[in-house]
Amino acid sequence: MNDIASAARELVDGLMARPWGQVTASVYETGRLVTLVPWLTGHAERVDYLLRTQRPDGAWGPPDGYDLVPTLSAVEALMSECRRTSGASDTSTGPRADLSAAVLRGLEILPVRLGAGHPLPDMPAVELIVPFLVSLINEHLTGLGAPLPLPQGMDHSRLEAVRGWIASGAKLPEKLLHALEIAGSAARGAHAVGPTPIGTVGASPAATAAWLAAIQDGPVHADLTAEASGAGETTLGAAAARLHLEAVARRHGGPVPVGLPITVFERGWVLSWLARAGIELDVPPEMIADLRAAIGPAGTPAGAGLPADADTTSVALYALAMLGAPHEPGSLLAFDLGTHFCTWQGEDGHSPTVNAHVLDALGKYVERRPAAGDRYRPVMARLGSWLASRQRADGAWDDRWHASPYYATASCALALDDYGSPENAGSVRRAVAWVLDTQRPDGSWGRWEGTPEESAYALQILLMTRAGDDPRLARAAAEGYRFLRGADLGSQPALWHDKDLYSPRAVVRAAVLASLHLAECDRRVSILIRS
């Protein structure tokens with residue numbers, strides 16, 4: 001267990017050393033930078049990244065509809081690059097045959113994906129991004145071939161309405177800034193939009209690049225050392241945005257992630273996974289102070305440039321309470337809709353994992369501050385009932401913020417087991433049975449294939465809930481432990497929802513370490529591991 005404790009210490013230290021967060025590259029976001037800012041550091045590397053991540057069938061990304069947005073973005077970006085490198089709009093000619101070949105393969109698969117008729121995954125801004133990218137590709141195709149269709153039930157009306165709102169110069173909701181790139185040239189009218197002090201717009205490289213491209217025709221040459229009195233606010237903001245994009249591109253070797261920074265989100269989840277599993281932590285006091293300071297009257301955002309949300313607020317509050325620094329959770333009540341909690345005001349849809357995390361935060365705070373029970377226990381009881389009502393018939397949960405039911409099921413089962421009512425015990429037992437029934441022959445768990453991340457969540461369900469005495473449990477956990485011990489953590493698929501799927505590397509690493517620790521500390525499992 002010493003190696004797990006050492007790895008946990010190293011992971012926590014890394015949160016301080018890399019405060020913006022550790023996130024995988026995004027095909028969608030990288031494609032937008034190829035089109036919008038070809039002069040930015042790492043352009044050739046971004047193009048090469050798109051070329052090497054294309055699947056043999058011409059698409060990008062995982063199945064089940066998750067490949068539509070990245071494929072649209074990559075195809076449009078490579079079409080723009082063909083036009084730049086060949087000096088012509090014909091994508092079949094030019095000095096780089098690999099670009100043209102990739103575009104043609106993508107254009108062959110896109111009508112199939114767009115016409116499939118299946119519901120698209122519940123991804124942020126998908127109803128804006130798909131019409132936006134289809135229209136850009138169709139502009140490239142003018143006079144060259146049939147235009148691409150929109151998916152069934154989707155049109156351009158919502159995109160045009162949002163663009164009109166942006167062009168009006170009205171103040172925009174913070175959540176819309178994360179996808180500002182869909183505004184196109186309308187971003188030029190977004191007078192109320194500007195970078196945060198660290199230079200990001202909407203915590204998104206694509207949104208930042210779109211804002212930068214909209215306010216000037218070429219690279220920014222503003223000198224940040226100029227006297228503030230001699231430089232306009234927009235010029236200084238543009239210089240900060242360029243420096244931010246340069247830093248993100250260099251840090252990731254050219255390709256860029258879908259969201260950065262994710263400071264509070266990453267710290268909250270990492271510390272929560274590790275502390276909940278009982279791993280002893282030596283958390284820097286300044287990190288705890290930063291988490292407390294991040295929680296304002298409206299909650300806290302995942303990082304600079306994003307709106308406050310109930311999910312990040314809940315997990316940060318839970319982490320603080322676990323670490324012995326409980327913070328009053330009253331800010332969460334602003335997200336209470338009476339039946340359940342929203343991720344943010346105006347959310348389309350609902351999230352079981354957000355509500356599970358709210359239940360965690362309130363429950364742990366009441367544990368630390370019993371006098372708060374009269375205020376929060378009725379809310380907790382309501383959340384427990386709502387979560388139980390959202391459970392699938394097979395015992396699992398699904399969620400809008402993660403592609404895997406193992407993440408959603410772990411979040412809901414753990415919260416109900418720790419802070420639900422006795423009536424929720426059946427939901428927890430059904431979740432455990434589902435995990436046992438879905439283990440793969442190699443000991444892993446996963447939606448599309450067995451993965452370390454999803455296997456870690458499955459082990460947490462087995463080992464952190466009062467699962468009863470199912471005789472299969474210990475052996476299943478031992479087999480899962482062996483899979484995790486031999487797994488390559490560097491090649492895990494992206495499963496978390498944003499405009500594109502992504503993987504928060506430190507968060508996933510914390511989940512795996514937590515599960516390894518739980519297995520080694522469980523007497524029944526440890527006997528089987530050593531046998």
Measuring from atom [atom1] of [X] to atom [atom2] of [Y], what distance do you get when rounded to the nearest 0.5 angstrom?
X: Arg276; Y: Leu518; atom1: CZ; atom2: CG; answer: 10.5 Å
X: Leu501; Y: Thr24; atom1: CG; atom2: OG1; answer: 9.0 Å
X: Trp60; Y: Leu72; atom1: CH2; atom2: CG; answer: 10.0 Å
X: Leu245; Y: Thr41; atom1: CG; atom2: OG1; answer: 10.0 Å
X: Arg447; Y: Tyr407; atom1: CZ; atom2: OH; answer: 15.5 Å
X: Ile461; Y: Leu463; atom1: CD1; atom2: CG; answer: 10.5 Å

Between the side chain of [X] and the main-chain N/O of [Y], is any donor-acceptor distance below 3.5 Å?
X: Gln460; Y: Ala410; value: no
X: Asp360; Y: Tyr318; value: no
X: Trp397; Y: Ser411; value: no
X: Ser515; Y: Ala456; value: yes
X: Gln439; Y: Ala476; value: yes

Quiz prompt | Set of residues satisfying side-chain hydrogen bond (donor to acceptor under 3.5 Å, both in side chains) with respect to Ser73, sequence neighbours excluded | solution = Arg32
Exercise. Decide side chain to side chain contact (heavy atoms under 4.5 Å, CB included) for Leu36 and Trp211; before the verdict, give the C-alpha distance in whole Å, the side-chain angles of both, and the deciding distance to 0.1 Å.
Key: CA-CA 10 Å; Leu36 290 165; Trp211 178 82; over 6 Å; no
Can we say [X] and [Y] salt-bridge, meaning some charged N sits less than 4.0 Å from an Asp/Glu carboxylate O?
X: Lys499; Y: Glu181; result: yes
X: Arg392; Y: Asp394; result: yes
X: Glu81; Y: Arg84; result: yes
X: Asp57; Y: Arg113; result: yes

Quiz item: With respect to Glu453, which candidate in His402, Gln492, Arg509 satisfies the side chain to side chain donor-acceptor pair (under 3.5 Å) definition?
Solution: His402
Practice problem: Before giving the answer on side-chain hydrogen bond (donor to acceptor under 3.5 Å, both in side chains), spell out for Thr451 and Tyr406 the whole-Å C-alpha distance, their side-chain angles and the decisive distance to 0.1 Å. | Solution: CA-CA 11 Å; Thr451 69; Tyr406 292 96; over 6 Å; no
Quiz item: Can you check side chain to side chain contact (heavy atoms under 4.5 Å, CB included) on Leu260 and His252, steps first, answer last?
Solution: CA-CA 11 Å; Leu260 207 74; His252 293 84; 3.9 Å; yes
Quiz item: Using the ring of each side chain (for Trp, its six-membered ring), is His340 parallel, tilted or perpendicular to Trp386, with breaks at 30° and 60°?
Solution: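 Rings of His340 and Trp386: parallel, as their planes differ by under 30°.
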Practice problem: Could you walk me through whether His178 and Asp498 pass the side-chain hydrogen bond (donor to acceptor under 3.5 Å, both in side chains) test, one step at a time? | Solution: CA-CA 10 Å; His178 188 57; Asp498 202 322; 2.9 Å; yes
Practice problem: Side-chain contact test, heavy atoms from C-beta onward, threshold under 4.5 Å: evaluate it for Pro301 versus Trp344 and give yes or no. | Solution: no
If you count every heavy atom of other residues, nucleotides or ligands that lies below 6.0 Å from [X] atom [atom1], does the total exceed 12?
X: Gln152; atom1: CD; value: no
X: His156; atom1: NE2; value: yes
X: Glu10; atom1: CD; value: no

Quiz item: Are His350 and Asn355 linked by a side-chain donor-acceptor pair shorter than 3.5 Å?
Solution: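 The answer is no; no qualifying pair exists.
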Self-check item: From CA spacing to verdict: side chain to side chain contact (heavy atoms under 4.5 Å, CB included), Ile166, Leu180
Solution: CA-CA 9 Å; Ile166 293 171; Leu180 185 66; 4.1 Å; yes
Quiz prompt | Audit row: Asp311, Thr343, side-chain hydrogen bond (donor to acceptor under 3.5 Å, both in side chains) steps and yes/no | solution = CA-CA 6 Å; Asp311 208 19; Thr343 308; over 6 Å; no
Quiz item: Looking at Leu150, Leu68, Ile109, which one forms a side-chain contact (heavy atoms from CB on, under 4.5 Å) with Leu114?
Solution: Leu68
Self-check item: Given Val34, Val75, Thr35, the one that forms side-chain contact (heavy atoms from CB on, under 4.5 Å) with Ser80
Solution: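 With Ser80 as partner, side-chain contact (heavy atoms from CB on, under 4.5 Å) holds for just one option, Thr35.
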Exercise. Quick one: do Glu454 and Trp448 satisfy side chain to side chain contact (heavy atoms under 4.5 Å, CB included)? Show the steps, please.
Key: CA-CA 10 Å; Glu454 291 167 283; Trp448 295 305; over 6 Å; no
